[in-house]
Amino acid sequence: MLVNAYSKRVFNLAYQFAGSYQEAEDLTQDIFLKLYGALSKYDFEKNFTAWLLTLAKNHLIDTYRKTKWEKAHRDEFDEQFAAPGSPQDPESGLIREADKKLVWKGLNRLAPETRMAVILRDIQDKSYEEVAEILDLPLGTVKSRINRGRLQLAKVLKDRKEEAHDL
Amino acid sequence: MTCERIEELLSAYLEGELNQTDRAEVESHLAGCADCGALLAVLSRTQKALAGFPELDPSPGLLARLVAIPERKKKFSFTFDFVLKPALQPVFAATAIFMTLLSFYLFSPDKKNIDRAIDQKIHTGYSQAEKLYAKAGSFTERLSETADNVLVSVKNWKVFGGDEDESYK
């Protein structure tokens, strides 16, 4: 069944992209509505997961362009992300949690296409080839886009670290 | 290599995707450039932070709504499918034209004149029909007279033992 097999994947993609739990629920519902409408157009020779994620990506980026979520706040990191397991070193665990908070907020600074590429590669752990298929872009473009996105996020962390040093 | 070029290669360096030459060049640059070294460390932390976001479960309410979508779509198509049938398109077009004309008539400021013109048309049409009917009646009479005359003249032929001098009607 489609809902059992794909709802979690689509919901997480929507949540990581939009940053709001409520928004992600609405977006997931919209994506499934579109999916049921578009099933007749599915080419059976194509990878279904990639096809579905492309449909989801298109909907998320189109909606972003119409509503400009960057003006909206992302949910606070603590609200939804319970730290999985207890870290061996509490101090490094705290640093990692602080990094996660900053990176989570920093995702909103990325252009939608770059944000989507980084989410697919680094959060959803897709291969570069899979990301290229979902985004319908050449492999080289995908790699440079992901590198650019990571660097932007790294600079968010770096700036915050420097600010903390200055205090 | 410049710092900009190193930035472009840092992701590939971290993922071990560089060839030996590029890798050696990046490492030699990193050994002498504190900024790029610091950026590499932060980039690595960024990737770890991204990889550490756990997957969330969709709420039961959302799952129930998603499961209900095909049923809702079916209901919708059951209710409205007949509207989309091509066979009904001329009916819809005719209805639209009729409604447009009706609204022109009902809301026209000159409604009385339109009523009068319609009355006249109906009256003229009715009288024309009456005339036509009257003409048709006289034509039938003349037709039956002609038929009688033909019958009499045929009977009066000598061949049938008649008197050809007998007068017609």
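None of the values given here were measured: they were computed from a predicted structure. Values below: every heavy atom of this structure, side chains too, minus hydrogens, waters and symmetry copies.
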A.B. asks: Enter the distance from Leu102(A):CG to Arg45(B):CZ here, rounded to the nearest 0.5 Å.
C.D. replies: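 Here the interatomic distance stands at 8.5 Å.
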A.B. asks: Please determine whether a side-chain nitrogen of the Lys or Arg among Lys143(A) and Glu17(B) lies less than 4.0 Å from a carboxylate oxygen of the Asp or Glu.
C.D. replies: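 The answer is yes: the pair qualifies as a salt bridge.
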A.B. asks: Hydrophobic cluster membership, with links at side-chain heavy-atom distances under 4.5 Å among I/L/V/M/F/W/Y: are Phe104(B) and Leu106(B) in one?
C.D. replies: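 No; tracing contacts between hydrophobic side chains, which count when under 4.5 Å, never links both residues.
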A.B. asks: Which atom names give the shortest non-hydrogen contact between Leu39(B) and Lys158(A), and what distance separates them?
C.D. replies: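 It is CD1-CD, 4.5 Å.
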A.B. asks: I'd like to know if the side chain of Glu15(B) pairs up with that of Tyr128(A) as donor and acceptor (distance under 3.5 Å, no hydrogens or angles considered).
C.D. replies: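 Short answer, yes.
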A.B. asks: Minimum heavy-atom separation for Pro58(B) to Tyr21(A), with atom names?
C.D. replies: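 Nearest pair, atom of Pro58(B) first, then Tyr21(A): C-OH, 4.2 Å.
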A.B. asks: Any chain of hydrophobic side-chain contacts (each under 4.5 Å) joining Phe107(B) to Leu102(B)?
C.D. replies: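 Phe107(B) clusters together with Leu102(B).
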A.B. asks: Could you report the tightest heavy-atom contact between Ala49(B) and Val103(A), atom names first, then the distance?
C.D. replies: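 Minimum heavy-atom contact is CB-CG2, 3.9 Å.
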A.B. asks: Side chains of Gln29(A) and Ile69(B): closer than 4.5 Å at any heavy-atom pair?
C.D. replies: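 A side-chain contact exists here, since the closest heavy-atom pair is under 4.5 Å.
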A.B. asks: Would a hydrophobic clustering, with Ile, Leu, Val, Met, Phe, Trp and Tyr connected at side-chain separations under 4.5 Å, put Tyr105(B) with Ile122(B)?
C.D. replies: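 Tyr105(B) clusters together with Ile122(B).
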A.B. asks: Give a yes or no on whether Leu132(B) and Tyr126(B) share a hydrophobic cluster (residues Ile, Leu, Val, Met, Phe, Trp, Tyr; joining criterion: side-chain heavy atoms under 4.5 Å apart).
C.D. replies: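 No: no chain of side-chain contacts under 4.5 Å links Leu132(B) to Tyr126(B).
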A.B. asks: Checking Arg121(A) against chain B: side chain, backbone, both or neither under 4.5 Å from a heavy atom?
C.D. replies: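 For Arg121(A), the contact with chain B is made by the side chain alone.
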A.B. asks: So with a 6.0 Å cut-off around CD of Glu130(B), is the heavy-atom count from everything else above 12?
C.D. replies: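 Yes, CD of Glu130(B) has more than 12 neighbouring heavy atoms, counting only those of other groups under 6.0 Å.
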A.B. asks: Which bit of Ser144(A) is near chain B, if near means a heavy-atom gap under 4.5 Å: side chain, backbone, both or neither?
C.D. replies: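 Neither part, no heavy atoms under 4.5 Å.
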A.B. asks: To the nearest 0.5 Å, tell me how far Glu55(B) CD sits from Phe11(A) CZ.
C.D. replies: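 Output value for this atom pair is 10.5 Å.
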A.B. asks: Under 3.5 Å, is there a donor-acceptor pair between the side chain of Lys100(A) and the main chain of Gly52(B)?
C.D. replies: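 It does hold such a pair.
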A.B. asks: Considering all heavy atoms of both residues, which atom of Asn147(A) and which atom of Ser11(B) are nearest to each other, and what is their separation?
C.D. replies: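 Distance-wise, the nearest heavy atoms are OD1-OG, 2.6 Å.
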A.B. asks: State, to 0.1 Å, how close Leu56(B) and Tyr15(A) come at their nearest heavy-atom pair, and which atoms those are.
C.D. replies: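 Heavy atoms of Leu56(B) and Tyr15(A) come nearest at CD1-CE2, 3.3 Å.
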A.B. asks: If I measure from the heavy atoms of chain B, does Val118(A) come under 4.5 Å with its side chain, its backbone, both, or neither?
C.D. replies: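 It is the side chain, since no backbone atom gets that close.
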A.B. asks: Test of understanding: clusters of I, L, V, M, F, W, Y form through side-chain heavy atoms closer than 4.5 Å, transitively. Do Leu143(B) and Tyr133(B) belong to the same one?
C.D. replies: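 No, because Leu143(B) and Tyr133(B) fall into different hydrophobic clusters, even though each may have its own neighbours under 4.5 Å.
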A.B. asks: Specify which of Asp122(A), Asn12(A), Val3(A) makes the most heavy-atom pairs with chain B at under 4.5 Å.
C.D. replies: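 Ranked by contacts with chain B, first place is Asn12(A).
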A.B. asks: A side-chain contact here means heavy atoms from C-beta on lying under 4.5 Å apart; do Lys48(B) and Asp99(A) qualify?
C.D. replies: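 Side chain of Lys48(B) against side chain of Asp99(A), heavy atoms only: no contact under 4.5 Å found.
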A.B. asks: Side chains of Thr46(B) and Arg150(A) only: does a donor on one sit below 3.5 Å from an acceptor on the other?
C.D. replies: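 Thr46(B) vs Arg150(A): no donor-acceptor pair found between side chains.
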A.B. asks: Could you check if a side-chain atom of Glu25(A) sits within less than 4.5 angstrom of a side-chain atom of Ser59(B), using non-hydrogen atoms only?
C.D. replies: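 Glu25(A) vs Ser59(B): side chains touch.
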A.B. asks: Quick check on Asn47(A): does its CG atom have over 12 non-hydrogen neighbours (other residues, nucleotides or ligands) under 6.0 Å away?
C.D. replies: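 More than 12 heavy atoms, drawn from other residues, nucleotides or ligands, come within 6.0 Å of this atom.
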A.B. asks: Under 4.0 Å between a side-chain nitrogen and a carboxylate oxygen: does that hold for Lys8(A) and Asp57(B)?
C.D. replies: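 Yes, Lys8(A) and Asp57(B) are salt-bridged.
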A.B. asks: Given the options Leu63(B), Val67(B), Leu62(B), which has more heavy-atom pairs under 4.5 Å with chain A than any of the others?
C.D. replies: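 Among the listed options, the one with the most contacts to chain A is Leu62(B).
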A.B. asks: Please report the C-alpha distance between Leu43(B) and Leu153(A) in whole Å, then the side-chain angles of each, then the deciding distance to 0.1 Å, and finally whether the side chain to side chain contact (heavy atoms under 4.5 Å, CB included) criterion is met.
C.D. replies: CA-CA 8 Å; Leu43(B) 191 65; Leu153(A) 291 173; over 6 Å; no
